[in-house]
Amino acid sequence: MRALVVDDSRAMRRIVGRILTDAGFEVQEAGHGQEALDLLTEHDTPPDLACIDWNMPVMDGLEFVTEVRSRPEWRSITLMMVTTESEQSRIVRALAAGAHEYLIKPFTADALQEKLDLLGLVPLTAGDLA
Amino acid sequence: MSISRDAFNFVRELVHAESAIVLEPGKEYLVESRLLQLARQAGHDGVDGYVAHLSERRPSAGLRQVVEALTTNETSWFRDVDPFNTLKNTVFPALAANRTDRRLRVWAAACSSGQEPYSIAMTANDTPALAGWKVEILATDLSEEMLTKARAGEYSQLEVNRGMPASSLVRHFTRSGLNWRLNPAITQQVTFRQLNLVRPFPPMGRFDVVFLRNVLIYFDLPTKRDILRRVRQVMAPDGHLFLGAAEMTMGVDDAWERVPAGRSSVYRIREEQRACVPW
Ligand SMILES: C[S@@+](CC[C@H](N)C(=O)[O-])C[C@H]1O[C@@H](n2cnc3c(N)ncnc32)[C@H](O)[C@@H]1O
């Protein structure tokens, strides 16, 4: 499975990318929403997951989510906000715009993995091996 | 510095007698690291002196704290996801079709800090077949400290990050400073009570669903067998038991049968054994 990490902090992209790689994803990175849209346009097949920061230069995470949701060919992408924005109203706005999940920074690797479980994005689980 | 053999043996026997948890040799480091803070709070420099004091005086609060410090309270919301999908899509609808009094009773038998019983309450709320039903959840644990936290119904940002779907967070919680507080519609479905699984159960009626997850793993075989046998006695004949992902009844108490459900399994009392259970 493939994931796109959209965050203006390189350190953050590395952390999220590392956890996703360990979970079995192939990871691409973008530094803001516009760069992420460009990457999506270049590829024929969209990624399975995008992890998106809220506050970024050029195009923020909410605009990116809104843009992705308006394009039928990108409907299969699961969108998860990963941000320090923690007010209840923000979460409501992101979900209304079409985000599927919302993870608040700081978080542990377990927390990100549990979100993947919730979203059914588990490349291989213990259950499959049993 | 490391813990003396006498101190380790005392703690090991105490924990086994009080909670049935087995601390294998080799867990000295765990015992020492978990007890060091308690020892310092009680005015001792190290664990050995503190344990010597406990074994001479046997203060009940101190002994209880030692047992609680050595239990693992790790938990998360909707832990493993799948059991809660099974509860919503299979178990609750099946029970709803079998009951006329619009009432179900659930027991979360090692509830830690409350994430499990509250996840069950949210799941019941989201089950269309249970609209207008009364779902009572009894949540018990050995640890008073965990129960106090669970009753408060308030969780840190880091805690709600662990497995809580964003849609449930905004629907069932209210922001309270830096924390999140569960809404009364959820908390009022859950009653918390202290209960040691190793001791005879107090009178508590019958349950349609029992969650006994991620606790049997800490016990030896005779203890597991005894607990599973006694759980049968508080179970409705058509009740469902949920165990942790690494736990099973097979070879422990074969009066249970495993029913595959989603990626996980649930357990039911075998048909021929149900008659033995006075209803
Ligand atoms: C790892 S937690 C599991 C919590 C939850 N059931 C879950 O699956 O996430 C284990 C819990 O079992 C409790 N426990 C340990 N020994 C017990 C006993 N003898 N009786 C009742 N609870 C016990 C501990 O206090 C702890 O909260």
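Residue numbers begin at 1 in each chain, while the letters A, B, ... track the order of the sequences.
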Heavy-atom distances under 4.5 Å only: say whether B/L169 touches chain A with side chain, backbone, both or neither. both
Highest number of heavy-atom pairs under 4.5 Å with chain B: which of A/Q88, A/E87, A/M80? A/Q88
Contact origin within B/W180 toward chain A - heavy atom pairs under 4.5 Å: side chain
Return yes when atom CE of B/M248 has more than 12 non-hydrogen atoms of other residues, nucleotides or ligands closer than 6.0 Å, and no otherwise. no
Say whether, by atom type as modelled, one donor and one acceptor occur between the side chain of A/K115 and the main chain of B/N161 under 3.5 angstrom. no
Kindly check if the number of other-residue, nucleotide or ligand heavy atoms within 6.0 Å of CG (B/L178) is above 12? no
Rounded to the nearest 0.5 Å, what's the gap from CD on A/E114 to CZ on B/R79? Could you check? 8.5 Å
Part of residues 94-109 of chain A lying next to chain B, heavy-atom separation under 4.5 Å: A/L95, A/E101, A/Y102, A/L103, A/I104, A/P106, A/F107, A/T108
Side chain from CB out, backbone as N, CA, C, O: work out which of these in B/F173 comes under 4.5 Å of a heavy atom of chain A, or both, or neither. backbone
Verify the neighbour count for atom CZ of B/R229: are there more than 12 heavy atoms of other residues, nucleotides or ligands below 6.0 Å? yes
Take a 6.0 Å sphere around CZ of B/R181 and say whether it holds more than 12 heavy atoms from other residues, nucleotides or ligands. no
Tell me, yes or no, whether the heavy-atom count around A/E26 atom CD, taken from other residues, nucleotides or ligands under 6.0 Å, exceeds 12. no
Would the number of heavy atoms belonging to other residues, nucleotides or ligands and lying under 6.0 Å from CD of A/Q34 be above 12? yes
Inter-chain contacts: residues 46-70 of chain A against chain B, heavy atoms under 4.5 Å: none
Between B/Q157 and A/S86, what is the shortest heavy-atom contact and its length? OE1-CB, 3.9 Å
